Amino acid sequence: MAPRKGEPGRFVSKELAAEFRAQIQSGALAPGERLPSEAAMKEERGLSNATVRAAYEQLKAEGLAASKHGKGVYVLDPKKLIRNAQRRFARSVRESGQSIQSVDFEGRVPDVQVDVDVVASAPGRVTELLGSGRICRRRRLFSLDGRKLQLATSYLPAELAAEAGVDQVNTGPGGMYERLAEVGRRPVKARERVYGRVAMPEEVEALEVSPGMAVFLIERVAYDEGGRVVEVNEMILDATKYVLEYEFDL
């Protein structure tokens, strides 16, 4: 239903958001299309800037639209990514040379921006798990079709990272875990904890989300056969774009 001129703004904004939501979910509005400007909506429907802005903020909060500075508000793909921890860590995935992230993206290869360095210390929780000493820090920003989806930071003991050759940007076929296996430190067990919180300022900038948006923080700790921690990975996911799926026998 189209919004009705003259109704209280907060109700009209909900109707306007519902109208565009239906069009985005049906495909009538395709990803990348620009939503009408506030000026256009005022001229065509007599809506105030505040009403249109409130509707668009709702769509952005749902992950259906995003602002481009100085250009307007654009439609995002409403399809959510399903992250299944069991499937992404199947050994067949690593041995095939695929990245575990490609499982989330249904076989599509994401764009990855990688930054690797060595730091003298790590955040408190990481130090608690890995112990003191120099740490190799691998930061990756994953994007697909121009959408920033995930920010992941892995921490490994610097000596182990150098021995396995994962202190480089490119870790080769099968990724970091296959390189660790080659030096006798194959990860055989992992534990993940999922936290929900609001995006931090640096995460807002990196993931291009609105301030106050919810994210998933997934902490993964990987262990070798001797029970030693070989990696701590902190992943920040835009909560509007992911479904976390778990499957297990009962």
Side-chain angles (χ1 to χ4, degrees), residues 1-84 101 104-106 108 110-111 113 141-152 194-218 235-245:
M1 178 185 297
R4 295 181 289 276
K5 182 177 178 180
E7 290 189 345
R10 66 180 182 275
F11 298 113
V12 178
S13 68
K14 290 181 180 179
E15 288 191 353
L16 184 60
E19 178 184 345
F20 283 124
R21 184 186 302 111
Q23 292 182 37
I24 293 170
Q25 292 175 338
S26 70
L29 281 172
E33 285 195 53
R34 185 175 182 269
L35 294 178
S37 67
E38 294 175 9
M41 295 301 290
K42 183 174 183 179
E43 180 178 346
E44 294 172 10
R45 303 196 188 187
L47 300 176
S48 70
N49 290 348
T51 295
V52 178
R53 195 175 304 125
Y56 288 175
E57 286 300 321
Q58 180 61 41
L59 295 174
K60 288 190 281 186
E62 296 173 16
L64 298 176
S67 295
K68 293 185 179 180
H69 184 66
K71 296 183 178 180
V73 180
Y74 289 79
V75 174
L76 296 178
D77 189 341
K79 183 178 180 181
K80 293 186 180 284
L81 298 167
I82 297 178
R83 183 187 188 277
N84 183 295
Q101 286 77 22
D104 298 348
F105 304 141
E106 300 178 343
R108 301 174 65 188
D111 295 319
Q113 180 182 329
L141 177 62
F142 296 91
S143 307
L144 192 66
D145 297 330
R147 297 172 64 197
K148 304 295 192 298
L149 298 171
Q150 180 184 153
L151 184 64
V194 182
Y195 305 85
R197 61 167 173 77
V198 171
M200 303 296 284
E202 61 273 18
E203 296 160 1
V204 167
E205 181 178 359
L207 294 174
E208 298 179 355
V209 298
S210 301
M213 290 288 283
V215 294
F216 293 124
L217 164 60
I218 303 178
M235 295 157 276
I236 306 296
L237 285 64
D238 181 346
T240 67
K241 297 173 183 173
Y242 276 88
V243 172
L244 305 184
E245 179 179 79

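Quick note: numbers below take in every heavy atom, side chains included, and nothing from hydrogens, waters or symmetry partners. Because the structure is a prediction, the values reported are computed rather than measured.
Atoms CD and OH, from Glu33 and Tyr74 in turn, are 11.0 Å apart once rounded to the nearest 0.5 Å. Note that CE of Met235 is 6.5 Å distant from CD of Gln150, once rounded to the nearest 0.5 Å. In this structure, the separation between CG on Asn49 and CD on Glu38 is 4.5 Å, given to the nearest 0.5 Å. For the atom pair Thr240 OG1 and Leu59 CG, the distance stands at 11.5 Å (nearest 0.5 Å). Atoms OH and CG, on Tyr56 and Leu16 in that order, are 6.0 Å from each other to the nearest 0.5 Å. The distance from atom NZ of Lys241 to atom CE of Met213, rounded to the nearest 0.5 Å, is 7.5 Å.
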Could you list the donor-acceptor pairs under 3.5 angstrom formed by side chains in residues 199-209, with sequence neighbours left out?
from: Glu203; atom 1: OE1; to: Arg197; atom 2: NH1; distance (Å): 2.9
from: Glu203; atom 1: OE1; to: Met200; atom 2: N; distance (Å): 2.9
from: Glu203; atom 1: OE2; to: Arg197; atom 2: NH2; distance (Å): 2.8
from: Glu208; atom 1: OE2; to: Lys148; atom 2: NZ; distance (Å): 3.4

### Task
Take Leu35 and Val52 through the side-chain contact (heavy atoms from CB on, under 4.5 Å) test and state the conclusion after the steps.
CA-CA 10 Å; Leu35 294 178; Val52 178; over 6 Å; no
### Task
Could you please spell out the steps behind the side-chain contact (heavy atoms from CB on, under 4.5 Å) verdict for Leu81 and Leu237?
CA-CA 11 Å; Leu81 298 167; Leu237 285 64; over 6 Å; no
### Task
Show the numbers, then the answer: is there a side-chain contact (heavy atoms from CB on, under 4.5 Å) between Ile236 and Leu217?
CA-CA 5 Å; Ile236 306 296; Leu217 164 60; 3.5 Å; yes
### Message
Before you tell me yes or no, could you show the steps for Phe216 and Arg83 under side-chain contact (heavy atoms from CB on, under 4.5 Å), namely the whole-Å CA-CA distance, both residues' side-chain angles and the distance that decides it to 0.1 Å?
### Response
CA-CA 12 Å; Phe216 293 124; Arg83 183 187 188 277; over 6 Å; no
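Heavy-atom neighbours of Glu43 CD from other residues, nucleotides or ligands within 6.0 Å: at or below the threshold of 12.
The two residues Ser13 and Ala54 make their nearest non-hydrogen contact at CB-CB, 3.9 Å. Contact detail for Lys80 and Tyr242: the closest heavy-atom pair is CD-O, 4.5 Å. Nearest approach of Ala66 to Leu76, heavy atoms of both residues: CB-CD1, 3.9 Å. Shortest non-hydrogen contact noted between Val215 and Asp238 is CG1-CA, 4.4 Å. Counting all heavy atoms, side chain and backbone alike, Val73 lies closest to Ala65 at CG1-CB, 3.8 Å.
Counting only residues at least two apart or in different chains, side chain to side chain donor-acceptor pair (under 3.5 Å) contacts with residues 57-67 comprise Arg21-Glu62, Glu57-Lys60, Gln58-Glu62, Lys60-Ser67.
With sequence neighbours excluded, the residues that form a side chain to side chain contact (heavy atoms under 4.5 Å, CB included) with Ala28 are Gln23, Ser26.
A salt bridge does not link Glu15 with Arg45: every distance from a Lys NZ or Arg NE/NH1/NH2 to an Asp or Glu carboxylate oxygen is 4.0 Å or more.
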